[in-house]
Structure formats: C-alpha cells, structure tokens
Amino acid sequence: MSRVPAVLNPTEEDIQLLLSAQCHIGAKNVNTRMTPYVYKRRADGVNLINLGKTWEKLILAARVIAAIENPKDIVVISARPYGHRAALKFAKYIGAEAIVGRFTPGTFTNYITRSFREPRLIITTDPRTDFQAIKEASYVNIPVISLADTDALLQYVDVVIPTNNKGKHAIGLIYWLLARAVLRLRGTIDYQSAWDVMVDMFFYRDPEEIEKEQEALAFEEGAEVQAGGDWAAEGEAAAPLAANAEWNPAAATSDWADETAAAAPSSWDA
C-alpha cells in the first residue's frame, strides 16, 4: 500500500467490508494477465484475490474518474443483473450515465442510432458480458475501467479492479467504495467523516423479495385500516342513540308526590 498517499489507505473497517462481501473469492480458473492479482490458491481450487492490489486499483480508478471534468461524459455499463442496481446508484451519486441490461450495438460508433453517445470514459461490471461495449470503445479510443474476476479477459481494458464480480454483495460494495472514493477526491465529502449513504442501497434485490415485502406492507396497512373502520362504526352507531335521547323538561320537573296524591283515594274497601 506504499504506492498511494497515507490518506488513501484503507481502514480496518474497509478491509472487513471487503472480506465480509467475499470480494477476495475468485474463480477456479486464472487468466494469465490476472495472475499478478492472485494471492494464493485454496485446497478446493478456488483462487484468492489480493485485497491490497484490489484497493490500489480501486483508488487508481477513482483518480481517473475524478479527473473527468464533466461527470456526464462517464458511462457505467452493466449487463449482469447483479450489477444493475449498483451501476444505477453509482451513476446517480457521481453524476454519470448508466446503461443497464442489454447493450445496443452501435451506441458508441453509429451516430444515426437514437442511443448514440460519445463518452470520455466507460466503466463496466464484467469484461465478458460487457464485451460489446468494450470493443466499441476500443474503436473510438475510449478508456475502459472494469471489474474483473480471476478468469476475466482483459482485452481492451485499461484499468482493471480485481474482485469477485459474480456476487451481488461484492459488486455492490466495490461500486459503493468507488463512489465514496470519487466523492472524497472531488471534495464533496470529508475523509474523516463517514458517508451517509448505506452500502445496502447498492446491493441487488430479488424482485420476488420486493413483491413479498410490498404484499406484507399492504396487508399490514389493510389490517390497520380495517381496525380503524371498526372503531369508527361503533362510534357512529352510538352517536344516533345519544342524539335521539333528548331531555324532556316536563318529565324532569314532574313531582312524584303528585302521583302519590292522585292515587290516595283508592282503598281496600273499594
């Protein structure tokens, strides 16, 4: 970590986050160009990524991104579903543009298409799934930053961030750390203070889980409304009774002694 200034070094909390998100878990295969980023190989054949190299490349990528004057000239691309939410959130917080899902061929080369763009930098989630965008960027001399696993192809990739790009937590955490580093380099947030955006916002969420949460929330709201309606119905039923029960002053002023006097003439002899 001596290649970066001391202020850019990771904290113990950052390393714990990287380990808990399994950013160091690579694939069983290793590309020749990814060999320098591999720390060692486990007994089960899974390669472990050197997190020190991951942090160095992450800071280098953040410095490249911060050097772009207009953030709208940066395009974040993710065809992998686990990276959709992270790419959108990352683009939102740094002011870039995101292309998630299928990449339309000719976006960077065919100016006739409606989706034509001329970015100064592109950031991809996986060199394999986003290879169409990387290849088109090479045609028009656009630099490429990409997350890459140990088995990734690094053709036309200028800056690689070695990490596990197959796990939803690893992808989300890397994009969160990258966005925080860019904002710190820009001076938007301070190095001593924590970023108020939670890393959970960058994690992929299963649509089925979202539907279940919405259904549960709707059920709870419906139960509360029904309970409130029952109380209101009871109050409305009691209100007419109270309204109809009027006070009769004649009955109230009648004396019970008069009734006794009227009944006095009656006797047992009659």
Side-chain angles (χ1 to χ4, degrees), residues 31-34 57-149 151-166 168 170-188 197 201-205 207:
N31 193 326
T32 305
R33 298 179 63 183
M34 289 296 295
K57 285 307 188 77
L58 188 142
I59 296 300
L60 175 61
R63 294 171 67 181
V64 172
I65 296 170
I68 304 297
E69 296 178 359
N70 186 6
K72 293 184 180 179
D73 290 337
I74 303 172
V75 175
V76 187
I77 301 170
S78 176
R80 187 182 291 274
Y82 281 178
H84 288 185
R85 185 180 176 90
L88 291 170
K89 293 291 183 180
F90 176 79
K92 172 187 174 182
Y93 287 111
I94 72 167
E97 186 177 358
I99 301 176
V100 297
R102 182 180 180 274
F103 180 81
T104 304
T107 301
F108 299 150
T109 55
N110 189 358
Y111 65 90
I112 300 177
T113 59
R114 186 176 299 178
S115 61
F116 178 70
R117 294 174 178 81
E118 292 182 296
R120 295 187 58 190
L121 175 69
I122 69 170
I123 304 169
T124 61
T125 305
D126 189 356
R128 291 185 182 274
T129 57
D130 303 324
F131 184 72
Q132 178 67 30
I134 295 174
K135 191 173 183 179
E136 288 190 12
S138 68
Y139 293 159
V140 289
N141 296 327
I142 300 175
V144 178
I145 298 174
S146 179
L147 312 185
D149 210 335
D151 59 348
L153 297 174
L154 302 185
Q155 189 177 13
Y156 307 127
V157 177
D158 299 287
V159 179
V160 61
I161 302 177
T163 183
N164 174 14
N165 63 358
K166 297 180 178 60
K168 57 184 179 181
I171 294 174
L173 178 62
I174 291 295
Y175 271 113
W176 182 81
L177 292 173
L178 189 59
R180 188 187 67 174
V182 171
L183 294 177
R184 284 179 173 177
L185 289 172
R186 290 178 180 173
T188 306
V197 177
M201 299 294 293
F202 286 69
F203 290 162
Y204 168 80
R205 296 186 63 188

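Along the sequence shown, residues are numbered consecutively beginning with 1. From a predicted model like this one, the values you see are computed outputs, not experimental measurements. Basis for what follows: all heavy atoms, side chains included, without hydrogens, waters or symmetry-related copies.
Using a distance-only test at 3.5 Å, with no hydrogens or angles considered, a donor-acceptor pair links the side chain of Asp130 to the main chain of Ala79. No donor-acceptor pair under 3.5 Å is formed between the side chain of Arg85 and the backbone N or O of Gly172. Remark: side-chain polar atoms of Glu97 are not paired, donor with acceptor, to backbone N or O of Ala91 under 3.5 angstrom.
Side-chain contact check for Asp151 versus Lys166: some heavy-atom pair is nearer than 4.5 Å. When side chains are defined from C-beta on, Trp176 does not count as touching Phe203, because their heavy atoms never get closer than 4.5 Å. Two residues are said to be in side-chain contact when any heavy atoms from C-beta on lie closer than 4.5 Å; Pro143 and Leu121 meet this criterion. Side chains of Pro127 and Asn165 form a contact here, defined as non-hydrogen atoms less than 4.5 Å apart. Looking at Glu118 and Tyr111, their side chains never come closer than 4.5 Å, going by heavy atoms from C-beta outward. Using a 4.5 Å heavy-atom cutoff, the side chains of Val182 and Tyr93 are not in contact. At least one side-chain heavy atom of Arg186 sits less than 4.5 Å from a side-chain heavy atom of Ile94. Contact check for Phe90 versus Ile65: side-chain heavy atoms found under the 4.5 Å cut-off.
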Going through the checks in order, is the side-chain contact (heavy atoms from CB on, under 4.5 Å) test met by Val197 and Lys89?
CA-CA 10 Å; Val197 177; Lys89 293 291 183 180; over 6 Å; no
Stepwise, does the side-chain contact (heavy atoms from CB on, under 4.5 Å) test hold for Leu153 with Phe131?
CA-CA 9 Å; Leu153 297 174; Phe131 184 72; over 6 Å; no
Run the side-chain contact (heavy atoms from CB on, under 4.5 Å) test on Ile171 and Arg80 for me, step by step, so that the C-alpha distance in whole Å, both residues' side-chain angles and the decisive distance to 0.1 Å come before the verdict.
CA-CA 10 Å; Ile171 294 174; Arg80 187 182 291 274; 4.0 Å; yes
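Summarising the geometry of Asn110 relative to Phe116, their closest heavy-atom pair is O-CD1, 3.2 Å, with the distance given to 0.1 Å. Between Met34 and Pro162, the shortest heavy-atom distance links the atoms CE-CB, 3.9 Å. Residues Ala181 and Ala62 come closest through the heavy atom pair CB-CB, 3.6 Å. When all heavy atoms are compared, the tightest approach of Glu136 to Thr107 is OE1-N, 3.3 Å. Asn31 and Ala152 get closest at one heavy-atom pair: ND2-O, 2.7 Å. The shortest non-hydrogen separation linking Ala133 to Ile122 is O-CD1, 3.9 Å.
Rounded to the nearest 0.5 Å, atoms OG1 (Thr109) and NZ (Lys135) are 11.0 Å apart. Atom CG of residue Leu178 and atom CG of residue Leu58 lie 5.0 Å apart, to the nearest 0.5 angstrom. With rounding to the nearest 0.5 angstrom, the NZ atom of Lys72 is 15.5 Å from the CD1 atom of Ile68. Taken to the nearest 0.5 Å, the CG atom of Leu147 stands 6.5 Å off from the OG1 atom of Thr163. The structure places OG1 of Thr124 at 14.5 Å from OH of Tyr156, a figure rounded to the nearest 0.5 Å. A distance of 9.5 Å separates CZ in Arg128 from CG in Asp149, rounded to the nearest 0.5 Å.
Of the N and O atoms on the side chains of Tyr82 and Thr125, not one donor lies less than 3.5 Å from an acceptor on the other residue.
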